[in-house]
*Asks:* 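Shown below is the structure under consideration.
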There are 2 protein chains.
Amino acid sequence: MFFHIDYNSSQPIYQQVIEQIKLTIVNGGLKPGERMPSIRELAKTLKINPTTVAKIYNELAHQGVLVLRQGKGAFVAPKVVSLASEEIHRIVAEHARKILVEGLRFGLTREEIDLIIDAEYQSIRKGEQ
Amino acid sequence: MFFHIDYNSSQPIYQQVIEQIKLTIVNGGLKPGERMPSIRELAKTLKINPTTVAKIYNELAHQGVLVLRQGKGAFVAPKVVSLASEEIHRIVAEHARKILVEGLRFGLTREEIDLIIDAEYQSIRKGEQ
DNA sequence: CGGTCTGTATGATAATGTATAATACAATTT
DNA sequence: AAATTGTATTATACATTATCATACAGACCG
(Lines give C-alpha, C1' and ligand atoms only; values in the text may rest on other atoms or scores of the structure.)
Protein backbone atom coordinates (compact mmCIF):
# COMPACT_ATOMS: atom_id res chain seq x y z
CA MET A 1 0.00 0.00 0.00
CA PHE A 2 2.18 2.79 -1.26
CA PHE A 3 0.33 6.06 -1.46
CA HIS A 4 2.12 9.30 -1.91
CA ILE A 5 1.06 12.62 -0.41
CA ASP A 6 2.07 15.92 -1.94
CA TYR A 7 1.85 18.55 0.75
CA ASN A 8 2.43 21.29 -1.81
CA SER A 9 -0.59 20.23 -3.85
CA SER A 10 -3.68 22.41 -3.86
CA GLN A 11 -5.68 19.24 -3.40
CA PRO A 12 -6.33 18.30 0.22
CA ILE A 13 -4.52 15.16 1.26
CA TYR A 14 -7.72 13.23 1.91
CA GLN A 15 -8.72 13.76 -1.72
CA GLN A 16 -5.29 12.74 -2.95
CA VAL A 17 -5.49 9.48 -1.02
CA ILE A 18 -9.07 8.82 -2.15
CA GLU A 19 -7.99 9.21 -5.76
CA GLN A 20 -4.99 6.95 -5.34
CA ILE A 21 -7.00 4.22 -3.63
CA LYS A 22 -9.56 4.31 -6.44
CA LEU A 23 -6.79 4.21 -9.02
CA THR A 24 -5.13 1.25 -7.33
CA ILE A 25 -8.42 -0.65 -7.30
CA VAL A 26 -9.08 0.13 -10.95
CA ASN A 27 -5.66 -1.00 -12.10
CA GLY A 28 -5.90 -4.22 -10.13
CA GLY A 29 -3.51 -3.35 -7.35
CA LEU A 30 -6.35 -3.91 -4.91
CA LYS A 31 -8.94 -6.60 -5.58
CA PRO A 32 -12.59 -6.83 -4.44
CA GLY A 33 -12.79 -8.38 -1.01
CA GLU A 34 -9.18 -7.57 -0.22
CA ARG A 35 -8.52 -6.10 3.19
CA MET A 36 -7.27 -2.56 3.48
CA PRO A 37 -4.83 -1.50 6.20
CA SER A 38 -6.65 -0.41 9.35
CA ILE A 39 -7.35 3.27 9.91
CA ARG A 40 -4.61 3.55 12.51
CA GLU A 41 -2.18 1.53 10.45
CA LEU A 42 -2.59 3.59 7.28
CA ALA A 43 -2.44 6.78 9.33
CA LYS A 44 0.88 5.65 10.74
CA THR A 45 2.22 4.65 7.32
CA LEU A 46 1.21 7.92 5.68
CA LYS A 47 2.08 9.91 8.78
CA ILE A 48 -1.29 11.61 8.85
CA ASN A 49 -3.99 11.76 11.48
CA PRO A 50 -6.23 8.72 12.03
CA THR A 51 -9.23 11.05 11.85
CA THR A 52 -8.21 11.97 8.33
CA VAL A 53 -7.96 8.31 7.30
CA ALA A 54 -11.34 7.69 8.93
CA LYS A 55 -12.73 10.47 6.75
CA ILE A 56 -11.14 8.89 3.68
CA TYR A 57 -12.53 5.43 4.43
CA ASN A 58 -15.95 6.85 5.23
CA GLU A 59 -16.09 8.77 1.97
CA LEU A 60 -14.99 5.70 0.01
CA ALA A 61 -17.57 3.58 1.81
CA HIS A 62 -20.19 6.17 0.93
CA GLN A 63 -19.12 5.95 -2.71
CA GLY A 64 -19.41 2.18 -2.54
CA VAL A 65 -15.70 1.64 -3.02
CA LEU A 66 -15.02 0.17 0.43
CA VAL A 67 -17.02 -1.76 2.98
CA LEU A 68 -16.24 -1.00 6.61
CA ARG A 69 -16.80 -3.56 9.32
CA GLN A 70 -16.33 -2.59 12.91
CA GLY A 71 -13.79 -4.75 14.67
CA LYS A 72 -12.84 -6.47 11.41
CA GLY A 73 -11.46 -3.83 9.13
CA ALA A 74 -11.98 -2.09 5.81
CA PHE A 75 -12.41 -4.10 2.63
CA VAL A 76 -12.54 -3.36 -1.05
CA ALA A 77 -16.19 -3.63 -2.04
CA PRO A 78 -17.29 -6.37 -4.38
CA LYS A 79 -17.84 -5.17 -7.93
CA VAL A 80 -21.52 -4.38 -7.76
CA VAL A 81 -22.77 -1.39 -9.61
CA SER A 82 -25.68 -0.10 -7.63
CA LEU A 83 -25.91 3.25 -9.34
CA ALA A 84 -28.37 3.88 -12.11
CA SER A 85 -26.74 4.12 -15.50
CA GLU A 86 -27.99 7.67 -15.88
CA GLU A 87 -26.14 8.62 -12.71
CA ILE A 88 -22.97 6.96 -13.95
CA HIS A 89 -23.36 8.73 -17.26
CA ARG A 90 -23.81 12.06 -15.50
CA ILE A 91 -20.66 11.62 -13.41
CA VAL A 92 -18.50 10.54 -16.33
CA ALA A 93 -19.95 13.20 -18.63
CA GLU A 94 -19.02 15.85 -16.08
CA HIS A 95 -15.42 14.71 -16.21
CA ALA A 96 -15.64 14.52 -20.00
CA ARG A 97 -16.66 18.14 -20.24
CA LYS A 98 -13.70 19.19 -18.13
CA ILE A 99 -11.09 17.32 -20.14
CA LEU A 100 -12.61 18.60 -23.39
CA VAL A 101 -12.71 22.22 -22.26
CA GLU A 102 -9.09 22.03 -21.12
CA GLY A 103 -7.92 20.24 -24.23
CA LEU A 104 -9.81 22.37 -26.72
CA ARG A 105 -8.74 25.64 -25.17
CA PHE A 106 -5.13 24.57 -25.68
CA GLY A 107 -5.96 24.02 -29.32
CA LEU A 108 -5.93 20.24 -29.18
CA THR A 109 -8.22 18.35 -31.53
CA ARG A 110 -10.68 15.70 -30.43
CA GLU A 111 -8.26 13.11 -31.82
CA GLU A 112 -5.28 14.48 -29.93
CA ILE A 113 -7.26 14.44 -26.70
CA ASP A 114 -8.19 10.85 -27.42
CA LEU A 115 -4.54 9.93 -27.87
CA ILE A 116 -3.72 11.35 -24.46
CA ILE A 117 -6.61 9.40 -22.92
CA ASP A 118 -5.41 6.26 -24.64
CA ALA A 119 -1.91 6.70 -23.30
CA GLU A 120 -3.30 7.20 -19.81
CA TYR A 121 -5.51 4.14 -20.28
CA GLN A 122 -2.53 2.00 -21.16
CA SER A 123 -0.66 3.40 -18.19
CA ILE A 124 -3.49 2.47 -15.83
CA ARG A 125 -3.85 -0.97 -17.32
CA LYS A 126 -0.16 -1.59 -16.84
CA GLY A 127 -0.51 -0.64 -13.21
CA GLU A 128 1.72 2.38 -13.49
CA GLN A 129 1.18 5.36 -11.33
CA MET B 1 -23.39 36.38 -20.70
CA PHE B 2 -25.58 33.84 -18.94
CA PHE B 3 -23.74 32.02 -16.23
CA HIS B 4 -25.51 29.98 -13.64
CA ILE B 5 -24.46 29.59 -10.04
CA ASP B 6 -25.47 26.62 -7.94
CA TYR B 7 -25.18 27.59 -4.31
CA ASN B 8 -25.78 24.01 -3.24
CA SER B 9 -22.82 22.76 -5.23
CA SER B 10 -19.73 21.59 -3.41
CA GLN B 11 -17.74 23.60 -5.91
CA PRO B 12 -17.07 27.20 -4.87
CA ILE B 13 -18.88 29.70 -7.03
CA TYR B 14 -15.68 31.23 -8.36
CA GLN B 15 -14.68 27.85 -9.76
CA GLN B 16 -18.12 27.33 -11.24
CA VAL B 17 -17.93 30.64 -13.08
CA ILE B 18 -14.35 30.00 -14.24
CA GLU B 19 -15.45 26.69 -15.73
CA GLN B 20 -18.45 28.23 -17.45
CA ILE B 21 -16.45 31.08 -18.93
CA LYS B 22 -13.90 28.62 -20.29
CA LEU B 23 -16.68 26.46 -21.69
CA THR B 24 -18.33 29.44 -23.36
CA ILE B 25 -15.05 30.43 -24.98
CA VAL B 26 -14.39 26.89 -26.19
CA ASN B 27 -17.82 26.50 -27.76
CA GLY B 28 -17.56 29.85 -29.50
CA GLY B 29 -19.94 31.79 -27.32
CA LEU B 30 -17.09 34.18 -26.58
CA LYS B 31 -14.52 34.99 -29.21
CA PRO B 32 -10.87 36.08 -28.83
CA GLY B 33 -10.65 39.83 -28.42
CA GLU B 34 -14.25 40.11 -27.30
CA ARG B 35 -14.87 42.28 -24.28
CA MET B 36 -16.14 40.71 -21.09
CA PRO B 37 -18.54 42.52 -18.80
CA SER B 38 -16.71 44.63 -16.25
CA ILE B 39 -16.02 43.23 -12.81
CA ARG B 40 -18.74 45.33 -11.22
CA GLU B 41 -21.19 44.60 -14.00
CA LEU B 42 -20.78 40.82 -13.86
CA ALA B 43 -20.91 40.96 -10.08
CA LYS B 44 -24.24 42.74 -10.30
CA THR B 45 -25.60 40.33 -12.90
CA LEU B 46 -24.59 37.23 -10.94
CA LYS B 47 -25.46 38.88 -7.64
CA ILE B 48 -22.07 38.07 -6.17
CA ASN B 49 -19.38 40.27 -4.70
CA PRO B 50 -17.13 42.26 -7.06
CA THR B 51 -14.13 40.93 -5.17
CA THR B 52 -15.15 37.42 -6.15
CA VAL B 53 -15.43 38.40 -9.81
CA ALA B 54 -12.04 40.09 -9.54
CA LYS B 55 -10.66 36.80 -8.26
CA ILE B 56 -12.27 34.98 -11.18
CA TYR B 57 -10.86 37.38 -13.77
CA ASN B 58 -7.44 37.30 -12.16
CA GLU B 59 -7.33 33.53 -12.17
CA LEU B 60 -8.44 33.43 -15.82
CA ALA B 61 -5.84 36.05 -16.70
CA HIS B 62 -3.23 33.94 -14.96
CA GLN B 63 -4.33 30.95 -17.02
CA GLY B 64 -4.02 33.03 -20.16
CA VAL B 65 -7.75 32.92 -20.88
CA LEU B 66 -8.40 36.62 -20.35
CA VAL B 67 -6.38 39.79 -20.69
CA LEU B 68 -7.11 42.51 -18.15
CA ARG B 69 -6.53 46.15 -18.94
CA GLN B 70 -6.96 48.70 -16.23
CA GLY B 71 -9.43 51.35 -17.18
CA LYS B 72 -10.46 49.50 -20.33
CA GLY B 73 -11.87 46.19 -19.26
CA ALA B 74 -11.39 42.44 -19.50
CA PHE B 75 -10.99 40.76 -22.85
CA VAL B 76 -10.89 37.21 -24.13
CA ALA B 77 -7.25 36.46 -24.87
CA PRO B 78 -6.16 35.87 -28.44
CA LYS B 79 -5.64 32.20 -29.23
CA VAL B 80 -1.98 31.93 -28.44
CA VAL B 81 -0.73 28.81 -26.81
CA SER B 82 2.15 29.86 -24.65
CA LEU B 83 2.39 26.70 -22.63
CA ALA B 84 4.88 24.02 -23.49
CA SER B 85 3.29 20.98 -25.05
CA GLU B 86 4.54 18.85 -22.17
CA GLU B 87 2.67 21.06 -19.74
CA ILE B 88 -0.49 20.84 -21.82
CA HIS B 89 -0.08 17.09 -21.98
CA ARG B 90 0.35 16.90 -18.23
CA ILE B 91 -2.79 18.91 -17.53
CA VAL B 92 -4.95 16.95 -19.97
CA ALA B 93 -3.50 13.62 -18.86
CA GLU B 94 -4.43 14.45 -15.27
CA HIS B 95 -8.04 14.92 -16.32
CA ALA B 96 -7.82 11.77 -18.43
CA ARG B 97 -6.80 9.71 -15.43
CA LYS B 98 -9.76 10.99 -13.46
CA ILE B 99 -12.37 10.21 -16.10
CA LEU B 100 -10.86 6.77 -16.66
CA VAL B 101 -10.75 5.88 -12.97
CA GLU B 102 -14.38 6.94 -12.52
CA GLY B 103 -15.55 5.20 -15.67
CA LEU B 104 -13.65 1.97 -15.09
CA ARG B 105 -14.71 1.62 -11.49
CA PHE B 106 -18.33 1.73 -12.68
CA GLY B 107 -17.49 -1.11 -15.01
CA LEU B 108 -17.51 0.95 -18.19
CA THR B 109 -15.23 -0.11 -21.02
CA ARG B 110 -12.78 2.20 -22.74
CA GLU B 111 -15.19 2.32 -25.68
CA GLU B 112 -18.18 3.23 -23.53
CA ILE B 113 -16.20 6.04 -21.93
CA ASP B 114 -15.27 7.25 -25.39
CA LEU B 115 -18.92 7.33 -26.40
CA ILE B 116 -19.73 9.56 -23.44
CA ILE B 117 -16.86 11.87 -24.33
CA ASP B 118 -18.06 11.99 -27.93
CA ALA B 119 -21.56 12.93 -26.85
CA GLU B 120 -20.16 15.66 -24.65
CA TYR B 121 -17.95 16.82 -27.50
CA GLN B 122 -20.93 17.16 -29.81
CA SER B 123 -22.80 19.01 -27.08
CA ILE B 124 -19.98 21.51 -26.68
CA ARG B 125 -19.60 21.99 -30.40
CA LYS B 126 -23.31 22.69 -30.68
CA GLY B 127 -22.95 25.32 -28.01
CA GLU B 128 -25.19 23.54 -25.56
CA GLN B 129 -24.63 23.83 -21.88
C1' DC C 1 -9.95 69.71 -16.54
C1' DG C 2 -13.65 66.98 -14.20
C1' DG C 3 -16.38 63.10 -14.13
C1' DT C 4 -16.95 58.35 -14.91
C1' DC C 5 -15.81 54.26 -16.40
C1' DT C 6 -12.26 50.58 -15.87
C1' DG C 7 -9.01 47.19 -13.08
C1' DT C 8 -6.13 46.97 -8.61
C1' DA C 9 -5.44 46.63 -3.78
C1' DT C 10 -6.23 46.40 1.09
C1' DG C 11 -8.22 45.31 5.60
C1' DA C 12 -12.03 43.47 8.32
C1' DT C 13 -15.33 39.93 9.01
C1' DA C 14 -17.75 35.56 8.76
C1' DA C 15 -18.64 30.90 7.36
C1' DT C 16 -16.83 26.73 5.80
C1' DG C 17 -13.27 23.23 4.83
C1' DT C 18 -9.16 20.80 6.24
C1' DA C 19 -6.24 18.60 9.52
C1' DT C 20 -4.59 17.43 14.00
C1' DA C 21 -5.16 15.77 18.74
C1' DA C 22 -7.10 13.37 22.58
C1' DT C 23 -10.47 10.40 24.18
C1' DA C 24 -14.00 7.12 24.62
C1' DC C 25 -17.13 3.53 22.97
C1' DA C 26 -18.61 -0.72 20.43
C1' DA C 27 -17.86 -4.87 17.69
C1' DT C 28 -14.70 -8.69 16.51
C1' DT C 29 -10.91 -11.79 16.97
C1' DT C 30 -7.48 -14.32 19.48
C1' DA D 1 -9.35 -10.87 29.08
C1' DA D 2 -6.64 -8.52 25.78
C1' DA D 3 -5.89 -6.61 21.52
C1' DT D 4 -7.52 -4.80 17.29
C1' DT D 5 -10.97 -2.96 14.60
C1' DG D 6 -14.35 0.87 13.15
C1' DT D 7 -17.31 4.73 15.29
C1' DA D 8 -18.01 8.99 17.47
C1' DT D 9 -17.21 13.17 19.99
C1' DT D 10 -14.96 17.47 21.36
C1' DA D 11 -11.46 20.90 20.98
C1' DT D 12 -8.18 23.40 18.44
C1' DA D 13 -5.78 25.61 14.61
C1' DC D 14 -5.27 27.06 10.11
C1' DA D 15 -6.61 27.78 5.19
C1' DT D 16 -10.15 28.68 1.88
C1' DT D 17 -14.14 31.02 0.33
C1' DA D 18 -17.02 34.97 0.12
C1' DT D 19 -18.68 39.35 1.49
C1' DC D 20 -18.25 44.27 2.55
C1' DA D 21 -16.25 48.77 2.55
C1' DT D 22 -12.93 51.68 0.91
C1' DA D 23 -9.39 53.64 -1.64
C1' DC D 24 -6.16 54.01 -5.54
C1' DA D 25 -4.72 54.35 -10.51
C1' DG D 26 -5.20 54.04 -15.64
C1' DA D 27 -8.38 55.20 -19.69
C1' DC D 28 -11.89 57.71 -21.84
C1' DC D 29 -15.18 61.46 -22.90
C1' DG D 30 -17.50 65.87 -22.83
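Protein chains get the first letters and strands the later ones, always in sequence-line order, with residue 1 at the start of each. As the structure is a prediction and not an experimental result, all values here were calculated from the model.
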*Asks:* Provide the closest heavy-atom pair for A/I48 versus A/I5 in the form atom of the first, atom of the second, distance.
*Replies:* CG2-CD1, 3.7 Å
*Asks:* Whether A/S38 contacts D/dT4 is assessed here as follows: a side-chain N or O lying under 4.0 Å from the phosphate OP1 or OP2. Is that the case?
*Replies:* no
*Asks:* Could you run down nucleotides 8-20 of chain C 5' to 3' and tag each one B, S or - for protein heavy-atom contact under 4.0 Å?
*Replies:* B---------SSB
*Asks:* Is any NZ, NE, NH1 or NH2 atom of the basic residue among B/R110 and A/D114 found under 4.0 Å from an Asp or Glu carboxylate oxygen of the other?
*Replies:* yes
*Asks:* Under a 4.5 Å cut-off applied to non-hydrogen side-chain atoms, are A/I25 and B/R105 in contact?
*Replies:* no
*Asks:* Just grab all the salt bridge (charged side-chain N to carboxylate O under 4.0 Å, His left out) pairs involving residues 19-28 of chain B, residues at least two apart or on different chains.
*Replies:* A/R97-B/E19, A/K98-B/E19, A/E102-B/K22
*Asks:* Would you kindly confirm whether B/I91 and B/V101 end up in one hydrophobic cluster when ILVMFWY residues are joined by side chain heavy atoms under 4.5 Å apart?
*Replies:* yes
*Asks:* Using a 4.5 Å cut-off on heavy atoms from C-beta on, say whether the side chain of B/M36 contacts that of B/L60.
*Replies:* no
*Asks:* Expressed as a whole number of angstroms, how long is the span from B/F75:CZ to C/dT6:P?
*Replies:* 11 Å
*Asks:* Are A/V67 and A/L30 connected in the hydrophobic side-chain network, where two residues link if heavy atoms are under 4.5 Å apart?
*Replies:* no
*Asks:* To the nearest Å, give me how far apart CD1 (B/I56) and C1' (D/dT19) are.
*Replies:* 13 Å
*Asks:* Taking only N/O atoms, report every protein-nucleotides 28-30 of chain D pair under 3.5 Å with atom names and distance.
*Replies:*
unit_1, atom_1, unit_2, atom_2, d
D/dC28, OP1, B/K72, NZ, 3.4

*Asks:* Take atom NZ of B/K44 and atom C1' of C/dC5, then tell me their distance rounded to the nearest Å.
*Replies:* 14 Å
*Asks:* What is the distance, rounded to the nearest whole Å, between atom NE2 of A/H62 and atom C1' of D/dG6?
*Replies:* 17 Å
*Asks:* Give the rounded distance in Å between these two atoms: CG of B/L66 and C1' of C/dT6.
*Replies:* 15 Å
*Asks:* How long is the line joining CD of A/E59 and P of D/dG6, in whole Å?
*Replies:* 17 Å
*Asks:* Under 4.0 Å between a Lys/Arg side-chain N and an Asp/Glu carboxylate O for B/R90 and B/E87?
*Replies:* yes
